[in-house]
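Only a predicted model underlies this, so the values are computations on that prediction, with no experimental measurement involved. Throughout, a chain's letter reflects where its sequence line sits, starting with A, and its residues are numbered from 1.
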There are 2 protein chains.
Amino acid sequence: MYIYANVCYSFMKKSRTTLKDLAKELNLSASTISRALGNHPGISETTTKLVQQKAEELGFIPNSIASSFRKKKTRSIGIIVPRIDIYFHSLVISGIEDFAYKEGYNVTIFQSKDLLKREQEITKILQNKMVEGVIVCLSIETDKYDHFKKFKRLGIPLVFYDRVPTGLDVNSIVINDFESAFTATEHLITKGCKRIAHIAGNQSTAIFKSRFEGYKAALKKYKLNFDANLVGQTHNLSYEEGIIQASRFLKQTDLPDGIFCANDYTAVSALQVFMKAGVKIPDETAIVGFSNYPISRVIEPHITTINDRAYEMGAEAAKLSIRLIEDEEESIKSETISLKTELIVRESSLKNC
Amino acid sequence: MYIYANVCYSFMKKSRTTLKDLAKELNLSASTISRALGNHPGISETTTKLVQQKAEELGFIPNSIASSFRKKKTRSIGIIVPRIDIYFHSLVISGIEDFAYKEGYNVTIFQSKDLLKREQEITKILQNKMVEGVIVCLSIETDKYDHFKKFKRLGIPLVFYDRVPTGLDVNSIVINDFESAFTATEHLITKGCKRIAHIAGNQSTAIFKSRFEGYKAALKKYKLNFDANLVGQTHNLSYEEGIIQASRFLKQTDLPDGIFCANDYTAVSALQVFMKAGVKIPDETAIVGFSNYPISRVIEPHITTINDRAYEMGAEAAKLSIRLIEDEEESIKSETISLKTELIVRESSLKNC
DNA sequence: ATAATCAGTGCAAACGTTTGCATAATGTAA
DNA sequence: TTACATTATGCAAACGTTTGCACTGATTAT
C-alpha cells in the first residue's frame with residue numbers, strides 16, 4: 001500500500017517579469033522597452049505610452065542590480081559611524097538620508113563600534129563597489145588611515161565628519177570647536193563669571209582638544225587666571241564621569257562661579273551635583289554645555305548650550321559626497337566645510353549681573 | 001608660437017583588476033579563479049594558494065555587484081523607520097545592524113518621516129531586488145497596507161516591529177504593551193497608590209491603546225475606580241503635551257497619588273510640573289514612565305520605567321528576517337515574537353508605604 | 001589489460017539591462 | 001526623381017561573476 005502526498009512547492013521561484021518578457025509581449029525589442037521606460041527622446045510618444053502602460057499592467061519591476069551592474073552606478077552611499085544609537089550620530093545620519101533620498105541615493109550603514117579593527121573590515125566590504133561614495137566618522141581608536149587609501153585609488157570619494165583624520169588632506173565637514181568653545185566661555189565671562197571651570201573630553205581627540213583650547217583662549221583674552229584645578233579631564237564625557245569631576249570642583253575652597261562642559265551630559269552632572277550641594281544655579285554658578293542634546297531643554301534649569309548642527313552636518317556631508325560622485329572631473333583638491341554653530345542661551349547661565 | 005599643455009586626465013577610469021585579468025596573469029581559466037577564491041573543494045590546494053596569493057598581490061577586489069547579479073543574492077536588508085533620530089529607533093537599528101553584520105548582511109536605511117506617501121515610495125524602491133528582506137516600523141499615518149503586498153509576491157520576507165499592521169497575518173516583533181502597562185500600574189498600586197492618573201498616547205495606535213487598556217485592567221483587578229478625569233490624552237506624547245496634561249491633573253481637587261505615563265518624556269513633564277507645584281515626588285505622587293530613555297536615569301528623582309528592549313527588538317527582527325531569507329522552504333506561517341519587558345524601579349515610585 | 005572512478009581544470013552560457021551603431025521607414029528639399 | 005535628413009526601432013555586444021557540464025589524465029578496482 002502506498003500513500004501519495006501532494007507536495008506544494010510554495011518556494012518555487014516566482015520569476016519576475018523582465019524587460020524581455022515585456023518585449024515579447026509587445027513585439028518590440030528589449031532596447032526599445034528599456035528606452036521607453038527611461039523616457040528616451042528617440043522613442044515615439046505612442047510607443048512610450050504603450051510600453052509604460054503594459055509595464056504597469058504586468059507589474060514589471062526593473063532589476064536594479066542588473067542595471068547597476070551594467071551602468072556601474074549603484075546610487076548608494078556607505079556610512080561608517082561609531083554607533084547609531086548616539087543621538088548626535090542618529091541626527092547626522094538623518095541629515096544624510098534626507099538629502100540622499102531627495103537625490104535618489106540610498107544609504108547603507110555600518111557601525112564601527114569604536115573599534116579600529118571593525119572599521120578596517122567595513123572599509124573592505126565597502127570597496128566591493130557596492131557604494132559610490134563613503135561618509136565616515138572615525139572610531140575613537142583610529143590612529144592610522146591606511147585602510148582608507150584604497151578608496152582614493154578606486155575613485156570612490158570619501159567624506160569625513162566630526163572625528164576626522166589629522167594631518168591628512170581629506171574632505172571633511174566639521175564645526176569650529178575652538179570658536180564655539182570660545183563663544184561659550186566668553187558668554188559665561190560676560191555674565192560676570194571670574195572663576196570658570198571646564199569639564200573636558202578625551203584630549204587625544206582633536207575636537208575635545210580644540211574645545212579645551214577655546215576655553216583657555218577666552219580666559220586669556222579676558223585676563224582671567226587659568227587654574228588647572230578647575231579642569232576636569234574625562235575619558236568619554238559620560239554622565240558618571242561628570243559627577244566625579246563636578247564633585248571634585250565642589251571640594252575646592254573657592255567654588256567656580258561658572259562651568260563650561262564639553263558636552264551636555266556632563267553639564268547635567270554638574271548641574272545636579274551643585275544643586276544637591278545647595279549651590280544656586282545660575283546665580284552662584286552658571287553652567288554651559290555643548291551639543292544641544294534633548295535633555296538640555298528639558299532638565300531644570302534648562303541648559304545653555306551650543307547647537308552643533310548635527311543634522312546640517314549630515315546634509316552637507318551627503319551634498320558634498322554626491323557632488324564628488326557626480327562631478328566628471330573629480331577634483332583633485334579636497335574640501336573642508338566648517339559649519340557655523342550657535343549659542344543657545346537658556347536659564348542655566350542667566351545670572352543677574 | 002604654440003604652448004603645449006600637459007593634460008593629466010585624473011579622471012581616467014581606474015579600471016579594477018577582474019577575475020579575467022587574474023586568469024590571464026596565471027594562465028588559468030576564470031572559473032578556476034572564481035572557485036579558488038571561494039575555496040571550492042574541487043580545486044587543488046596548490047592552485048588555491050597560488051590564486052589567493054596573486055589576488056592579494058594585484059589588489060584584486062571582487063565586484064560584488066556582478067556577483068549579486070549572477071547569484072541573485074545581495075545579502076542586504078532594507079529598513080523603513082519613521083525617523084532615525086528617535087532614540088528608540090536608533091537603538092532598534094543598532095540591534096539590527098549588529099546582528100546583520102555578524103551574519104554578513106548589510107542594512108540600507110530609509111526614513112518614512114511618518115508620511116504614508118513616502119513610505120509607499122520607499123517600498124517601490126526596495127522592490128527593485130536591491131534587498132533580500134525588509135524590516136519595517138509603520139509610519140503613524142499608515143492605515144492601509146497594499147504597498148507591502150508586492151513583497152510577498154516577490155518572495156521578499158517582511159518583518160514588522162513596534163508599530164505593526166493590525167488584523168493582518170504578518171511577521172512581527174513586539175513587546176506586550178498591555179502586560180507592561182499592567183505591571184507598571186500594579187507597581188504603583190502595591191506602593192499604596194489609590195488614585196492613579198494616566199498620560200496616554202494616540203489611541204489610534206495599537207501600542208498606546210494597549211497601554212491604556214493595561215492601565216485600566218490593573219485598576220479593575222485591584223478594585224480601584226477608573227476616573228476619566230485622570231486620563232490625559234495626547235497626540236504624540238511630546239514633552240509639551242505632557243506638561244499640559246500634568247497641569248490639568250494638578251487642578252483636580254483630589255490630586256492623583258500616582259501617574260503612569262505612556263512614555264518617559266511625559267513622565268519628565270509630570271515630574272517637573274508636580275515638583276514645581278510643591279508636590280513631593282514620590283511620597284505624595286509617584287510616577288512611572290515607559291521606554292527607559294536615557295533621561296529617565298539622569299533626571300532627579302530618577303524615573304521608574306519599563307525597559308522596552310529596543311536593541312533586542314532590532315536583533316530579533318534581523319534574526320527572523322535572515323532566517324526567512326535563508327530558509328529554503330519559505331514558511332507559510334507568520335510569526336509574532338513578543339519580547340519580555342522589565343520594570344526598572346527607581347526613585348520616582350519609591351514611596352514609603 | 002580494461003573499465004570504472006576521481007581529482008583538477010576549462011568551456012561556455014547565463015543573469016537583465018544598457019548603449020553604440022546599423023537599419024528601415026518616413027519626410028523634405030533640390 | 002534623387003539625395004539627404006530625420007525619426008523610430010532593432011541588433012548584438014558588453015558588464016564580471018558563477019556554475020553545469022565536459023574533458024583530460026591519473027589512480028584504483030576488477
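No contact: A/D21 has no heavy atom under 4.0 Å from any strand. Base contact: A/S34 has a heavy atom under 4.0 Å from a base atom. Residue contacts for B/T47: at a heavy-atom cut-off of 4.0 Å it reaches the sugar-phosphate backbone alone, with no base atom in range. Heavy atoms of A/L28 sit under 4.0 angstrom from primed sugar atoms or phosphate atoms, though from no base atom. Counting any heavy atom pair closer than 4.0 Å across all strands shown, B/N27 reaches sugar-phosphate atoms only and no base atom.
With rounding to whole Å, B/R70 atom CZ is found 16 Å from C/dA12 atom P. When rounded to the nearest whole Å, the span between CD1 of A/I33 and C1' of D/dT9 equals 11 Å. Between the P atom of D/dC15 and the NZ atom of A/K73 lies a distance of 16 Å, rounded to the nearest Å. Rounded to a whole Å, the NZ atom of A/K20 is 9 Å from the P atom of C/dT17. The separation between B/M130 atom CE and C/dT17 atom P is 14 Å, rounded to whole Å. Protein atom CD1 of B/I61 is 11 Å distant from nucleotide atom P of D/dT17, rounded to whole Å. Computed from coordinates, the A/K24 NZ to C/dT17 C1' distance equals 16 Å when rounded to whole Å. Per the geometry, NE2 belonging to B/H40 stands 11 Å off P belonging to C/dT9, to the nearest Å.
One finds a side-chain N or O of B/S67 lying less than 4.0 angstrom from the OP1 or OP2 phosphate oxygen of D/dT18. Between A/S29 and D/dG10 there is a side-chain N or O to OP1 or OP2 distance below 4.0 Å. Contact annotation: B/S44 side-chain N/O to C/dT9 OP1/OP2 distance is under 4.0 Å.
Classification of A/R118 and A/E121 as a salt-bridged pair fails, no side-chain N sitting under 4.0 Å from a carboxylate O. With respect to A/D21 and A/K54, no salt bridge is recorded, no charged nitrogen being found less than 4.0 Å from a carboxylate O. Salt bridge status for A/E312 with A/K319: absent, with no side-chain N to carboxylate O gap under 4.0 Å. A salt bridge links B/D98 to A/K113: at least one charged side-chain nitrogen sits closer than 4.0 Å to a carboxylate oxygen.
The side chain of A/K72 lies closest to D/dC15 when the candidates are C/dG10, D/dC15, C/dA14. Comparing C/dG16, C/dT9, D/dT17 by their closest approach to the side chain of B/F60 singles out D/dT17. Proximity note for B/K71 (side chain, C-beta onward) versus C/dT19, D/dT19, D/dG16: the nearest is D/dT19. If you check C/dT9, C/dG16, D/dT18 against the side chain of B/T32, the one that comes closest is C/dT9. Listed nucleotides: C/dT9, C/dT19, C/dG16. Nearest to the side chain of A/S31: C/dT19. Of the candidates D/dG20, D/dT18, D/dG10, the closest approach to any side-chain atom of B/R35 belongs to D/dG20.
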#### Entry: Working for salt bridge (Lys or Arg N to Asp or Glu O under 4.0 Å), residues B/K102 and B/E97
CA-CA 9 Å; B/K102 271 187 234 134; B/E97 199 275 335; over 6 Å; no

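The stacking criteria are not both satisfied for A/F69 over the base of C/dT17, which would need a centre-to-centre distance under 5.5 angstrom and an angle between ring planes under 30 degrees.
A/F148 and A/F160 have perpendicular rings, their planes meeting at more than 60° on a 0 to 90° scale where under 30° would count as parallel.
Of the two residues near DNA chain C, B/T46 and A/N63, the one whose nearest nucleotide lies more 5' is B/T46.
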